[in-house]
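First the structure, in the form of structure tokens, and then the observations on it.
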Amino acid sequence: MKLPDTAVGKATGLLTAVIIVFAAVLHYFDDAASVKYLSMAEDMKTLEGNFREHNKSCFILGASGETGRALLRDLLGRNIFSKITLIGRRQLTFEDKAYENLLQEVVDFEKLEDYAAAFQGHDVGYCCLGTTKAKAGTEGFIRVDHDYVLKSAELAKTGGCTQFHLESSRGADKNSNFLYLKVKGQVEAEIEALGFDRYAIYRPGVLLVDRQESRPAEWMIRKFFGAFSAVCSTSMSIPIQAVAKAMASNTLLQPEQKTEILENADITNLGKGAGK
Ligand SMILES: NC(=O)c1ccc[n+]([C@@H]2O[C@H](COP(=O)([O-])OP(=O)(O)OC[C@H]3O[C@@H](n4cnc5c(N)ncnc54)[C@H](OP(=O)(O)O)[C@@H]3O)[C@@H](O)[C@H]2O)c1
Ligand SMILES: *[C@@H]1O[C@H](CO)[C@@H](O)[C@H](O)[C@H]1NC(C)=O
């Protein structure tokens with residue numbers, strides 16, 4: 001069937017009108033949202049300025065990992081610490097000039113007690129350390145995710161550190177039947193008992209990242225959640241830059257309690273707009 005030209009013209013005109021109205025509505029909401037982010041960003045700038053004046057220092061555990069690297073980049077971008085020390089098992093090299101003032105302490109995590117000095121004199125500690133059972137075996141996983149993390153926190157506390165930020169995991173629970181969640185929950189609780197002035201636990205869901213090393217199972221899970229989060233933000237997953245941004249931003253905020261637990265949704269809120 002052939003439609004008369006006038007009918008085609010009318011239909012096209014109507015369609016165009018609908019699209020224009022739709023675009024205008026979208027634009028309106030988009031604008032409203034960006035205004036909100038703008039004022040949030042301005043508040044952040046003020047908080048960053050105030051924080052910067054105190055010449056605080058921090059250390060990062062796991063700065064060679066995916067979250068740690070993103071956190072380091074975020075912190076450097078804000079320039080809120082007068083000294084940043086990376087504590088790890090190997091020396092890292094950076095090309096970028098922004099990284100030239102970093103300090104590094106290479107330690108043997110099996111003999112951390114001998115490296116107490118590396119943990120001395122930092123105000124804030126960030127821990128993004130971790131391995132998997134697949135990489136390190138059950139025993140190795142417990143050594144890293146529990147023993148190394150706890151010992152580091154202890155040494156930091158003894159060394160004068162007043163606030164500790166721990167990247168844990170969604171579902172962490174010391175009473176869990178799953179080894180992974182149980183270990184995460186145990187170390188969370190044991191660090192709380194150390195009595196930092198301030199202690200923040202981050203429990204992200206599946207981390208969305210283009211990982212440097214290949215982990216096929218994780219890749220599949222990521223593709224799955226990635227597809228979802230494109231449609232709506234899921235409570236199950238989060239981009240790695242958002243976790244980093246949340247950890248850095250939260251450092252500047254005043255918590256209501258000494259210990260705070262940030263679930264995936266809280267991290268998502270604090271980390272909005274990261275990596276853009
Ligand atoms: N993957 C997820 O979806 C997910 C979800 C929720 C929570 N988490 C948790 O989030 C944390 C960070 O995850 P991520 O994916 O960012 O970590 P990642 O990329 O695997 O990095 C792990 C970091 O830990 C260090 N590390 C590992 N084994 C070590 C050992 N034996 N001795 C010393 N250092 C060691 C690594 O140092 P080297 O570079 O020297 O190896 C690296 O800096 C972990 O605790 C993880 O359990 C992960
Ligand atoms: C921070 O360092 C600057 C420059 O070195 C100094 O002028 C200032 O007094 C220091 N502030 C504090 C709170 O120590």
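Numbering of ligands and ligand atoms starts at 1, following listing order. All values below were derived from every heavy atom in this structure, side-chain atoms included, with hydrogens, water molecules and symmetry-related copies excluded. The residues of the chain are indexed from 1 along the displayed sequence.
Surrounding CZ of Phe178 are at most 12 heavy atoms belonging to other residues, nucleotides or ligands under 6.0 Å away. A 6.0 Å sphere centred on CD of Gln257 holds no more than 12 heavy atoms belonging to other residues, nucleotides or ligands. Surrounding CG of Asp114 are more than 12 heavy atoms belonging to other residues, nucleotides or ligands, all under 6.0 Å away.
For the ligand labelled ligand 1, residue Ala70 lies outside the 4.0 Å heavy-atom shell. Residue contact annotation: Pro204 has a non-hydrogen atom under 4.0 Å from ligand 1. At least one heavy atom of Lys184 sits under 4.0 Å from some atom of ligand 1. Taking a 4.0 Å cut-off on heavy atoms, Gly140 fails to register as neighbouring ligand 1.
The residue from Arg69, Arg89, Lys135 that puts a heavy atom closest to atom 34 (N) of ligand 1 is Arg89. Looking at Gly62, Gly130, Ala244, it is Gly130 that brings a heavy atom closest to atom 22 (C) of ligand 1. With atom 14 (P) of ligand 1 as the reference point, the heavy atom nearest to it among Asp108, Asn264, Thr67 is part of Thr67.
With a heavy-atom cut-off of 4.0 Å, Glu66 touches ligand 1 through backbone and side chain alike. Heavy atoms of Val144 found under 4.0 angstrom from ligand 1 belong exclusively to the side chain. Neither the backbone nor the side chain of Arg143 has any atom closer than 4.0 Å to an atom of ligand 1 (non-hydrogen atoms only). Residue contacts with ligand 1 for Cys128 involve N, CA, C or O but no side-chain atom from C-beta outward (heavy atoms, distance under 4.0 Å). Of all the heavy atoms of Ser168, the ones lying under 4.0 Å from any atom of ligand 1 belong exclusively to the backbone. At a 4.0 Å heavy-atom cut-off, ligand 1 does not touch Tyr202 at all. Within the 4.0 Å heavy-atom criterion, neither part of Thr132 lies near ligand 1.
Evaluation of the salt bridge (charged side-chain N to carboxylate O under 4.0 Å, His left out) rule for Lys245 yields no partner, not counting sequence neighbours.
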Criterion salt bridge (Lys or Arg N to Asp or Glu O under 4.0 Å) on Arg143 and Glu110, from CA distance to verdict: CA-CA 9 Å; Arg143 275 195 116 63; Glu110 286 296 319; 2.7 Å; yes
Verdict with reasoning, Arg203 to Glu167, per salt bridge (Lys or Arg N to Asp or Glu O under 4.0 Å): CA-CA 7 Å; Arg203 290 181 178 165; Glu167 182 179 20; over 6 Å; no
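Checked against a 6.0 Å centroid threshold, the rings of Tyr115 and Phe109 do not count as neighbours.
Side-chain polar atoms of Asp145 and Tyr180 form no donor-acceptor pair below 3.5 angstrom. Thr85 and Glu105 are not linked by any side-chain donor-acceptor pair at a separation below 3.5 angstrom, with hydrogens and angles left out of the test.
Below 3.5 Å of separation, one finds no N or O of Arg170 facing any N or O of ligand 1. Any N or O atom pair closer than 3.5 Å counts here, and Phe109 shares no such pair with ligand 1. Residue Val206 has no nitrogen or oxygen atom sitting less than 3.5 Å from a nitrogen or oxygen atom of ligand 1, judged on distance alone.
Ionic pairing of Lys151 and Glu113 is present here: one or more N-O contacts between side-chain nitrogen and carboxylate oxygen are shorter than 4.0 angstrom.
Listed as neighbours of ligand 2 are Glu53, Asn55, each bearing a heavy atom under 4.0 Å from the ligand.
By the 30° and 60° cut-offs, the orientation of the rings of Phe196 relative to Phe164 is parallel.
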